[in-house]
Structures are given as C-alpha cells and as structure tokens.
Amino acid sequence: MDRWRTIIEPFRIKSVEPFRMTSADERQGRLEDAGYNLFNLHSDDVLIDLLTDSGTGAMSSEQWAGIQRGDESYAGSPSWYRFLEAVLELFPFRHVIPTHQGRAAERILFAVAGGPGKVVPSNTLFDTTRANVEFTGAEGVDVVIPEGRRPSALHPFKGNVDLEALERLIAEVGAERIPLVMVTVTNNSGGGQPVSMENLRAIRAICDRYGLPLFLDACRFAENAWFIKQREDGYADRAIPDIVREMASLADGMTMSAKKDALVNIGGWLALNDDRWAEQARNLLILTEGFPTYGGLAGRDLEAIAQGLREVVQEDYLRYRIRSTAYLGDALAAAGVPVVQPIGGHAVYVDAAALLPHIPPLEYPGQSLAVTLYREGGIRGCEIGSVMFGRHPDGSESPAAMELVRLAIPRRVYTQSHIDYVIEVVRSVAEGAAELRGMRIVAQPPTLRHFTARFEPLST
Ligand SMILES: *Cc1c(COP(=O)(O)O)cnc(C)c1O
C-alpha cells in the first residue's frame, strides 16, 4: 500500500440518484415551513443528508443481485440459510433469530432477560437499547471510561468500559440483579468510539467471576474490528473476520442492526448461546415479528444482509470507510472547528458549545448550528444536545452534558467532492460563528421533543 496516495472509494458508480440543487433563499423558506426542525424537512430539499448512517447506505451490485435471488417461502427459504451461514461465519452463536431491525432484537432480549429491579451495565446504552431496558422496569447504567465523556480527551479506545466502575456496580447492586452486561461496539452515543479486545477480555473475566452473560450491541462490529487492527498491539496482521470472531468468542450473544455494518437498508438479528432464553425469544418473535426463518424480513432482505456481511469485512472497504470519516473530521479540526477527538468510525461530532460560546445551552447552540448548516449549504446534521436531552419527564429543563451536532456519514453514498463541499460549508459557517443567534422552542410534545418540536430564531 503506497501510504502517500489518496485512499480512493473502492467502487465505481453504476446507478446514480440525482439530487435537486436548492438556493439559500429557498432553504430559508423550507426552514420556516419546518419550524426550524430538520426532522420536518422533506428529504428531497436536502443536498447532503448526514442525519444518520442508519439504513442510508448504498448496496452493491451483488447485493442487488441477491435481491432478485430472494426466495419468499414462508418457512425454510434458501435465503434464510444463506443469511444464517453468513452470520455464523462471523458470529458462531448457537441461536440466530432474525428481526426487522436492531430495536426488535433488543425488545425481545430484554422482554426475556429484563424486568423490574434488574440492572443492565454497559459502556453506553444506545437510546433504543436503554428505552427497551427501561420499558421492562429494569435500569440501564453506563460505565464508560472517564475519557469517553470528555469531547477533547484523546484515547485510542474511548468506548472502553471502566472496569473498576463495573466491579463497583456489581458489588453495589449484587450479581443476582444483573441479567447481562451489554457492550456497544463501536460506542455510538459516545461518538462512535471503539472498544479494545483487551477491554472485552477483561469484561469477560469479570463476567465469568460473577457468572454474568456478556452481550454485544454489535451494530458497528466491522468498524470496531478495523480500529482494533489499527490501534491494538498484536492485531496489525490479523484478518478482520478473525478479529470479529475473537470479539464474538468473548460474548454469549449479540443484538444487531443490519442497517449499519450489514450494509443494508433494513434488518437485524438477535444471536445467543443460551437455549432457554432462545426458546423464549423465538416465542416472542413469532408473536410480533414472524416465523423464526424470516423474522419480519423478506427473503430478499436476508440475501442482501448475507452479501453485505461479506463486503463489510473487506479491508479495502474499511480503510476507505474509516478514512472518509477521519478526512472530514481532520479537515474541520485543521480549520479550527472544534470536533470530538479522536474522530470516530461513523460520524464527526462538531462541538457547538465550544464554537458558539455566546449562545447559552438553553438557547440551543447545536440547533442553531444545525439549522445554519442547512440554510447555508443544504447539509442536514443532527443536534445532540439540550434539544435532545435537556427536558426532563417533569417538564423542567437543564443543559445537556454536551452540545454537539453530529454529521453521520452514510456508507458508500457520498464521494470525496461531496465531503469537500461539506468542509467548505462548515468552515464558512464557523468563520461567521459570532453572527449566529440562539433559538427558542415555540411548540413541543411531552417526550422525545427533538423529533417534532418547532423553533423560532432569537433576534438578539
Ligand atoms: C441503530 C442502533 C440500534 C438500534 O437499531 P435499529 O435498527 O435502528 O432499531 C441499537 N444500538 C446501536 C448502537 C445503534 O447504533
């Protein structure tokens, strides 16, 4: 590999999806219609959509060929067996249970394992995972290392579990109240930061000591494996599928959203070794998802996942994938735009609190920045700050821990020139940061307000 050469997209483009160019004036009109909430936009009014990397990736020609091959038999379809083989190749758990997306796997797992009084430790539970834990009456507790909570703290594996905090938690609540330990790889809510194999091994040892099952929330398993290969001693020469299998060998099960590292637009699964839990999970699956050989998915979806799993562990793909995220983050950092460091696998997080210190947290600096990026460049990011986390169940408000705007990169969708354009827009907005003003909320629902709240810009 010639290190000085540009890391190019390892694919060429066979089918294109034109987007409609819009002017800043037109986008201002769309913002007013949308109540300055980017979730309310029609996506064809967006030029570069960085709202999420979930289900927004481009499939390959081989995956589309799989879509044609899909066999829609109700039970025992060959597409199911191809899916099963591809999953087991990387994750050799005893039971694989397909679901329509990740949160369905979570719902089923915690319906079986959760319940009132139970406690589920994790590096950081993703929001749907936490919601599914809490829905059963159980409590989720995040025990990520302290560096994982500080945007500018450098650490190669910022998603690691704080082992002492985990032990303390187990001692405090008692192992009998902990149905399982869940580790999110990479740690999405913590900035897409990886977990090291050494940390997984140590968590396994703690779990063994207390007889606790260890589950992976494995949505970005391939991106995590790539970081292990790059950053952890002893892994530079290991093949990615081997690293993934080693991660799996340390766990007793997993939940998966295929919308991330299976390179498809819908799908997921629950996999586990425990026969009793698996039987209960299959019964719940039949109740709400479908028969255990399709689980809410079409045969063609199972084919696309099987092929996606083969493509996502290819090194050319992962080198490009992780580099293209770092390319955006490094360029913004070099231009003096504050971003969460080090750059994670699937997204760049702009630190709006640091960029807009003149806007108080409860005038929503992240929302102001996200709205301005859309108006100035047609770029849609996602506020992750006081709009998302600032309101409590009793209706009171307090600032979130961080005010971030996440620019998530869909897989295989945008080229380097699209990202160069994003860099130009963010830089020019950052240069005029002093001109940005806060916002106020004019209408909001009681919960999950970030999806539907309406805003107004403050004029002073
Ligand atoms: C996306 C995601 C989920 C939920 O998956 P869905 O397919 O969106 O239901 C769970 N955990 C993590 C870490 C995720 O990124």
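Quick note: residue numbers are just sequence positions, from 1. Ligands are counted one by one from 1 in listed order, and the atoms in each one are counted from 1 as well.
Scanning the protein for heavy atoms near atom 5 (O) of ligand 1, the closest one is Ser257 CB, 3.3 Å. Nearest to atom 8 (O) of ligand 1 among the protein's heavy atoms is Arg103 NH2, 3.0 Å. In terms of protein heavy-atom proximity, atom 10 (C) of ligand 1 is nearest to Glu106 OE2, 3.0 Å.
Put simply, the side chain of Ile379 reaches to within 4.5 Å of the side chain of Leu50, judged on heavy atoms.
For ligand 1, the atoms closer than 4.0 angstrom to any heavy atom of Thr184 are 13 (C). The Asn188 neighbourhood of ligand 1 comprises atoms 13 (C), 14 (C), 15 (O), with distances under 4.0 Å to a heavy atom of that residue. Interface atoms of ligand 1 facing Gln101, defined by a heavy-atom separation under 4.0 Å, are 6 (P), 7 (O), 8 (O), 9 (O). Distances below 4.0 Å separate heavy atoms of Thr128 from the following atoms of ligand 1: 3 (C), 4 (C), 10 (C). In the vicinity of Lys259, heavy-atom distances shorter than 4.0 Å reach the ligand 1 atoms 7 (O).
With hydrogens and angles left out, the side-chain atoms of His392 and Ser398 include a donor and acceptor closer than 3.5 Å. Between Asn187 and Thr124, the side chains place a donor N or O and an acceptor N or O closer than 3.5 Å (distance only, hydrogens not considered). Counted by atom type alone, Glu246 and Tyr235 present one or more donor-acceptor pairs between their side chains at under 3.5 Å.
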Could you walk me through whether Thr128 and Glu106 satisfy the side-chain hydrogen bond (donor to acceptor under 3.5 Å, both in side chains) test, starting with their C-alpha distance in whole Å, then the side-chain angles of each, then the deciding distance to 0.1 Å, before giving a yes or no? CA-CA 8 Å; Thr128 60; Glu106 293 163 358; 2.9 Å; yes
Please step through ring-ring contact (aromatic ring centres under 6.0 Å, His included) for the pair His450 and Tyr364, ending with a clear verdict. CA-CA 11 Å; His450 56 287; Tyr364 315 122; over 10 Å; no
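Within the set Lys260, Arg130, His346, the minimum heavy-atom distance to atom 1 (C) of ligand 1 is found for Lys260.
In terms of N/O distances under 3.5 Å, ligand 1 is not approached by Gly267. The N/O atoms of Asp217, backbone and side chain alike, include one that comes under 3.5 Å of an N/O atom in ligand 1. When only interatomic distances are considered, the shortest N/O to N/O separation between Thr186 and ligand 1 does not fall below 3.5 Å.
For the side-chain hydrogen bond (donor to acceptor under 3.5 Å, both in side chains) with Arg107, the lone residue among Thr136, Asn132, Thr288 that qualifies is Thr288. Put simply, the residue from Glu311, Glu303, Arg310 that forms a side-chain hydrogen bond (donor to acceptor under 3.5 Å, both in side chains) with Gln307 is Glu311.
Under a 4.0 Å heavy-atom criterion, Gly268 is not in contact with ligand 1.
With respect to the salt-bridge test (charged N to carboxylate O, under 4.0 angstrom), the residues Arg245 and Glu89 qualify.
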